[in-house]
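Keep in mind that what you see is a predicted model, and the values were worked out from it rather than measured.
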Amino acid sequence: MGRVHPEQRVWTLVEVRGGATAWAAAEEVWAGHSWNYSDEGTLGTGPTSELSVDPACKVFRVEVRVAGAALRAANEAEWQITRLARAHVIEMYPRKQATLDRDREMPPRWRVHTTDHRPVEPDTEPTSRRQRWVRRWRRRATVWSERLGRYDTGEIVSGTKDEARALARTGREPGEEPRTNVDVRPLDGRDGSRTVPRRADDLERRLTRIFVGVVATATAAVLARHSDGVAFWFWAVCAAAAFGVVVTLGGRLEQSGGETAGRIVAGCVALFGTATALGMTKRQALLGPLFLFVGVGISLLVRRWTGNGHIVWVGPAVLATAVPVLAVLGKILHWAYRDELGLDADGVEASGLWEAASALKLLTLLSMLLSVPATWAIVRHYHLVRPGGRTAALTFGLVALVLALEAGMLGLQSPKQAADELKRAAEDGRTPPPYFGIEPEWMCLQPTVARAELNTKGGVLRPERPYTVFGEGQSGVVVWNTEAEGPMTIPADQVRTVPVGEQEGKTDCLKVR
C-alpha cells in the first residue's frame, strides 16, 4: 500500500522516554517513514535547557510529513506522532509543532527573442517632426512584431527583467560566449514592474475562495429569484454580501499592485456566473453546490491514494461490478412503478435508454451517500478530525445509515407519485403522464368479435368509452380500468385500438372512426 503523499512539513520537538533502546526504536520508525530527524540531547539540555533535567528522556527534532492543508497541520503532526507511539509501543510525546513554510515563489516568465531585426538608431536626434513621427512608428512596429513571437528563439527564462535578460544572454553550451543580440518579452503578461505576485499555494487558496464565493453568489441569487417576501430579501442580501466578498478577495490576488484590475475581473466572473445560473430551478441551485462539495471531497480522497496497488485492484473491481449494478438499478424504478399499478412486465417494458435514465436518477439519489466520504476527506484535509477516532467513525457511520435510508425512501417515492398521478389523470380524463419510457395514452378499443366472446381479464370492456392503454404484449392489450381501479387485459386479436387524437377525457368512442 502506498503512503500518503506529503504536502506539508511540520517541525516537531519529540520527547522519547525509555532509554537507549526506546531512542533507537523511535529513530528506526522515523527512518521508515522517511522523516528527517536530529538528536537534540537529553531533556533539560539544548533547546529544552529551561525544562527539568531527565537523563532517561531524549529530545529529537523531527520533520513530520503531513498530507492536506497547511492550516492546522500541526495538529496532524501531533496525531501522527501519537499514533506511531501506540502502534510501536514507544513512549514518545510531541512537545512542540511548527509548520514550515515551503510555498514556492512565482517569478515572472519571459520568452527570449533575437534583436538583429531592430533598425539602427541614428546617433543624432531627428530634427524634423516627420522624422520623429517615422522613428516612433518604426519602434512601435518593431515592438509589435516581437510580441507576436516572430523572432522568438524558443527559450524561456524566469526572474526579474534584469535577471531574465542576463540569463537570456548566457551561452547555450558550456564555455560559449555570452550573446548580445537577444532580449526578453513577458510570457504570462507579468513583467514584475507593476505588481508583486503571491506565492503559488497562497494564490491557489485565494482563487479557491473566490470560486466558492462565486458559487455562493449564484446560488443565493437563484434562491432569491424563486422566493417571495422575507425569504427574497434574505437571499438577496446573502447574494449581495457574497458578491462583495468576491470583489474584495479579487483585489488581494497580488501581493501588491493590481487591486483594481483584480476586483474588476472577480466581479465580472461573479456576475457572469450569476447570470448563467439564473436559468436554474431552485432544486438545481441547491444540488449544484452539493455535487461540487461531493466532487471536491472525492477528489481529495482519491488524491491520498498514491500507491498503484489501490488502482490495480480498485479499478477492475469497480468495472466488474458497475455493469450488473447499473443493469439492476435501471429496472428498479420500472419494477416499483408496475407494482404500484399492479401491472405485469408484459407489454409495459421500457427501452434500454430509458432504463439508463432511471438508473441515473437512482444514482443521483444514492450520491447522497457520497457526501459522507466527501465530508470525511475534507475534514481530514483540514485536520479537523483525529484519524482512527472511534467517535468520529461511529458518527460518520450513523450519518451514512441515515442517508442510505433517506435515499431509499426518496427513490421509492418517485414511482408511487407517478402511479398516483396516472390514476388521477385516468379519473379526470387528462393526458396520462409518462414515466421513464412507459408512455400510456388514450385509446378507443373497438371489439372485432361479439362482446359476449370478449375474453377480458380484470374488468368488463365498454367500447363506448376510451381507456388509458399502456401497450400490447403477448397476453394482449394492457389498459387501466378506472372502474376496477386496476389493470385490464384484452386479447390483441379481439380488439382494435384507435387513438383518441385531440379528444381527451371520457369521449364517446362510438363517434371515433
Under 3.5 Å, side chain of [X] to main-chain N/O of [Y], donor-acceptor pair present?
X: W442; Y: R430; value: yes
X: H226; Y: M280; value: yes
X: T482; Y: E485; value: no
X: H383; Y: A74; value: no
X: E259; Y: G257; value: yes
X: Q8; Y: G68; value: yes
X: E76; Y: A73; value: no

Enclosure of [X] [atom1] (heavy-atom neighbours >12, cutoff 6.0 Å):
X: F272; atom1: CZ; value: no
X: Y382; atom1: OH; value: no
X: E91; atom1: CD; value: yes
X: F211; atom1: CZ; value: no
X: E155; atom1: CD; value: yes
X: E28; atom1: CD; value: no

Ion pair [X]/[Y], N-O distance below 4.0 Å:
X: R424; Y: E421; result: yes
X: D39; Y: R61; result: no
X: E7; Y: R65; result: no
X: K416; Y: E340; result: no

Closest heavy-atom contact between [X] and [Y]?
X: T99; Y: A70; value: OG1-O, 4.1 Å
X: A377; Y: G297; value: CB-O, 3.1 Å
X: W11; Y: L100; value: CB-CD2, 3.9 Å
X: P94; Y: I81; value: CD-CG2, 3.8 Å
X: P487; Y: L341; value: CD-O, 3.3 Å
X: G273; Y: A218; value: O-CB, 3.9 Å

Do [X] and [Y] come close enough that some side-chain heavy atom pair is under 4.5 Å?
X: P197; Y: L203; value: no
X: E441; Y: V500; value: no
X: Y93; Y: V14; value: no
X: L287; Y: L290; value: yes
X: W110; Y: L187; value: no
X: M488; Y: W480; value: no
X: V62; Y: N36; value: no
X: F60; Y: M92; value: no

Nearest-0.5 Å distance that lies between atom [atom1] in [X] and atom [atom2] in [Y]:
X: R185; Y: R111; atom1: CZ; atom2: CZ; result: 5.5 Å
X: R225; Y: K282; atom1: CZ; atom2: NZ; result: 12.5 Å
X: F293; Y: T375; atom1: CZ; atom2: OG1; result: 3.5 Å
X: F243; Y: C238; atom1: CZ; atom2: SG; result: 15.5 Å
X: M443; Y: F470; atom1: CE; atom2: CZ; result: 12.5 Å
X: R263; Y: L249; atom1: CZ; atom2: CG; result: 10.5 Å

| task | Kindly indicate, with the supporting measurements, whether the criterion side-chain contact (heavy atoms from CB on, under 4.5 Å) is fulfilled by L13 and T48. | result | CA-CA 10 Å; L13 204 62; T48 59; 4.0 Å; yes
| note | side chain to side chain contact (heavy atoms under 4.5 Å, CB included) test vs W235 passes for just one of L223, T219, V230, namely L223
| said: Among I298, L292, V296, exactly one meets side chain to side chain contact (heavy atoms under 4.5 Å, CB included) together with V294. Which residue is that? | reply: I298
| task | Apply side-chain contact (heavy atoms from CB on, under 4.5 Å) to the pair I210 and L253, showing each step before the final yes or no. | result | CA-CA 10 Å; I210 291 177; L253 287 176; 3.7 Å; yes
| query | How about S38 and E40: does a side-chain donor come under 3.5 Å of a side-chain acceptor? | reply | yes
| field | Parallel, tilted or perpendicular: rings of Y337 and Y435 (30°, 60°) | value |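 Rings of Y435 and Y337: parallel, under 30°.
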| request: Check the pair R102 / D201 against salt bridge (Lys or Arg N to Asp or Glu O under 4.0 Å), numbers first and verdict last. | output: CA-CA 9 Å; R102 301 296 188 187; D201 293 341; over 6 Å; no
What pairs with [X] under side chain to side chain donor-acceptor pair (under 3.5 Å), at least two apart in sequence or on another chain?
X: K96; value: none
X: R206; value: D202
X: E15; value: R17, R95

| request: Applying side-chain contact (heavy atoms from CB on, under 4.5 Å), run through I156 and R109 and close with a yes or a no. | output: CA-CA 7 Å; I156 296 177; R109 303 174 67 209; 3.9 Å; yes
| task | Start with the C-alpha distance between V16 and I90, add both sets of side-chain angles, then the distance that settles side-chain contact (heavy atoms from CB on, under 4.5 Å), and finish with yes or no. | result | CA-CA 8 Å; V16 182; I90 302 173; 4.2 Å; yes
